[in-house]
Number of protein chains: 2
Amino acid sequence: MSSLPPPSTEGTPPANGGTGVATPAFSPLYQQIKGLILHSLQHGEWKPGEAIPSEIELAARFRVSQGTVRKAIDELAAENLVTRRQGKGTFVSTHAERQVQYRFLKLLPDSGDARVEGPAQRTILECRRLRASAEVARSLALRAGDSVIQIKRILSFVGVPTILEDIWLPNQPFRGLTAEQMAHYQGPTYAMFELDFGVRMVRAEEKIRAVLPDETQAQWLNVTPGTPLLSVERLAYTYNDVPMELRRGLYRTDTHHYHNKLS
Amino acid sequence: MSSLPPPSTEGTPPANGGTGVATPAFSPLYQQIKGLILHSLQHGEWKPGEAIPSEIELAARFRVSQGTVRKAIDELAAENLVTRRQGKGTFVSTHAERQVQYRFLKLLPDSGDARVEGPAQRTILECRRLRASAEVARSLALRAGDSVIQIKRILSFVGVPTILEDIWLPNQPFRGLTAEQMAHYQGPTYAMFELDFGVRMVRAEEKIRAVLPDETQAQWLNVTPGTPLLSVERLAYTYNDVPMELRRGLYRTDTHHYHNKLS
DNA sequence: GAGTGGTCTAGACCACGCG
DNA sequence: GCGTGGTCTAGACCACTCA
């Protein structure tokens, strides 16, 4: 939608130029539509798990063709922000009610990829407010000294403690979070974040190293101090690349492994 | 292309049913086109780095619309089998001449994501033919006792030995591979595989663990035996999910880390 | 059978790369 | 200025879901 009037231009489809002179960057229409849908997604016009309007409806709303809306939604689906179901509609993705729960947990049991183990048992060791260290602040794009929540917990599979985690959350969006909430919610923690705080983790990056635990870490994981462990440092982001969680995990890899697909 | 004659059906676009009765699985036209392009790709009709025919040409060849060809190519591009360049054409992907060389190597220096380090220096420790162990045979879909090539090498960054690798290749497609070839080829090893043996690694899976090196491993990597290392076991596949390489790497993570993006 | 996403077509026009 | 991929439209039909 840049120059000449394509069949119907009485509404207000997002303009491309308009403000300046020669188009500085050129953003195709479907990208602009994608941006509008994303905006609605962020601002909670549709909640996780709900259906968004049909392609035809959205096309009418934005005064573009169905094909353009389709391409916008295609990209959102490719980014896992939205899930298409033929014959039913397009739904806002959620970490809950998802075949692949624990989307971000790449640790699998060595034998049998299936999750016969069932979900992890959680033990909360600690949950407190404190001032962000310089490093935590930098990761979470806060100022050093801002209030953050720190949670320390153990995840066990079939009774065996396997993951020791430290989680840092900005206090602001997670005000009121309690250890009980962390412990008692059934299902993925990220699903609880969606439900109780409206925070959706959309993507994450992990840095992985091999380390040796200190004595207390070794005790929590029930291993000897000489046992090598995987150190997994995760930064999880909401919409717009806003970091929302820093997580440091120690993974036992004697019965499990970190699995990754490359392409 | 299932029942009624859409505008032009004089040629031989791939049929959907034809053999049986009620369509058993339904494969859309563009998937069939994708399959045909893939077939040409596998059989070397176009070599890595070369351009494939334009969308219009392919549409004419297969007697379908450009849009259908486009969707087929879109999927191939999404799988990194092919690379689109606006204004120029669509090119067969290659591990060589690629901005992102070392596509499958996820180890980054802790400071500075850029590859200021330059490419890794390679030291070949060993390169020999032997009979596949049961385990190697299983991974590579061979019979135990089939001939395989084993390469042991060290990768160093800025002079520091960082990765100790064992590579197993089926002897069949790699007949004639020498230690000199492994050592002297400039650029990614996978690029050499493409060039000299016509083998294209298309995707891979990795299993990652934390381990302690034995004495000789520790010596090669110039670390003490108590130093925890990342064990990265990679199975790389060509077209059609045929496994073509098994690789076991030990990564030092004191100055580097394994980086992974989740979504 | 109505509604939704999915496929396919045909044609017009745009942005980009290169000679 | 041509050829290539990229965008956008409009309309027809198909496959799937559910009432």
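No experiment lies behind these values; they were computed from the predicted model shown. Here is the naming used below: chain letters follow the sequence lines, and residue numbers restart at 1 for every chain.
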Let me test you: for the helix from dG1(C)-dC18(D) to dC18(C)-dG1(D), what is the angle between the axes at its two ends (five pairs each), rounded to 10 degrees?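 Computed from the C1' atoms at both ends, the axes differ by 20°.
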Between [X] ([atom1]) and [N] ([atom2]), how many Å, whole number?
X	N	atom1	atom2	value
E57(A)	dT4(C)	CD	C1'	11 Å
E55(B)	dG3(D)	CD	C1'	12 Å
Y30(B)	dA15(D)	OH	P	14 Å
R84(A)	dA15(D)	CZ	P	18 Å
I56(A)	dT9(D)	CD1	P	15 Å
R63(A)	dA10(D)	CZ	C1'	17 Å
E75(B)	dG5(D)	CD	P	18 Å
E50(B)	dT4(D)	CD	P	16 Å

Kindly indicate, with the supporting measurements, whether the criterion ring-ring contact (aromatic ring centres under 6.0 Å, His included) is fulfilled by Y102(A) and Y190(A). CA-CA 8 Å; Y102(A) 301 101; Y190(A) 287 157; 9.3 Å; no
Is any side-chain N or O of R70(B) under 3.5 Å from a base N or O of dG6(D), one able to act as donor and the other as acceptor?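 Between dG6(D) and R70(B), which were checked side chain against base, a qualifying N/O pair under 3.5 Å is present.
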For [X] and [Y], test the side chains for any donor-to-acceptor distance below 3.5 angstrom and give the result as yes or no.
X	Y	answer
D110(A)	H257(A)	yes
Y30(B)	D74(B)	no
T68(A)	R63(A)	no
Q181(B)	D196(B)	yes

Between F104(A) and H95(A), how do the two ring planes meet: parallel, tilted or perpendicular, split at 30° and 60°?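 Aromatic pair F104(A)/H95(A) classed perpendicular.
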Once salt bridge (Lys or Arg N to Asp or Glu O under 4.0 Å) is applied, do any residues pair with R234(A), and if so which ones, sequence neighbours excluded?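 Scan of R234(A) (salt bridge (Lys or Arg N to Asp or Glu O under 4.0 Å), adjacent residues dropped) gives E206(A).
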Report all interatomic pairs (protein N or O, nucleotide N or O of nucleotides 16-18 of chain D) with separations under 3.5 Å.
unit_1, atom_1, unit_2, atom_2, d
dC16(D), O4', Q86(A), OE1, 3.3
dC18(D), OP1, K88(A), NZ, 3.1

Can you work out whether Q31(A) or R85(B) has the more 5'-proximal nearest nucleotide on DNA chain D?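 Checking each residue's closest nucleotide, the 5'-ward one belongs to R85(B).
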More 5' along DNA chain D: G89(B) or T68(A), using each one's nearest nucleotide?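 On the 5' side of the pair lies G89(B).
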If you compare every side-chain N and O of T90(B) against the phosphate oxygens of dG5(D) (OP1, OP2), does one of them come in below 4.0 Å?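 So the side-chain polar atoms of T90(B) do come within 4.0 Å of the phosphate oxygens OP1 or OP2 of dG5(D), strictly under.
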Audit row: M201(A), M244(A), side-chain contact (heavy atoms from CB on, under 4.5 Å) steps and yes/no: CA-CA 8 Å; M201(A) 301 304 182; M244(A) 266 305 201; 3.7 Å; yes
Taking the six-membered ring of Y239(B) as reference, does the NZ or CZ atom of R200(B) fall below 6.0 Å from its centre and within a 45° cone about the axis?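 Here R200(B) fails the 6.0 Å and 45° test against Y239(B).
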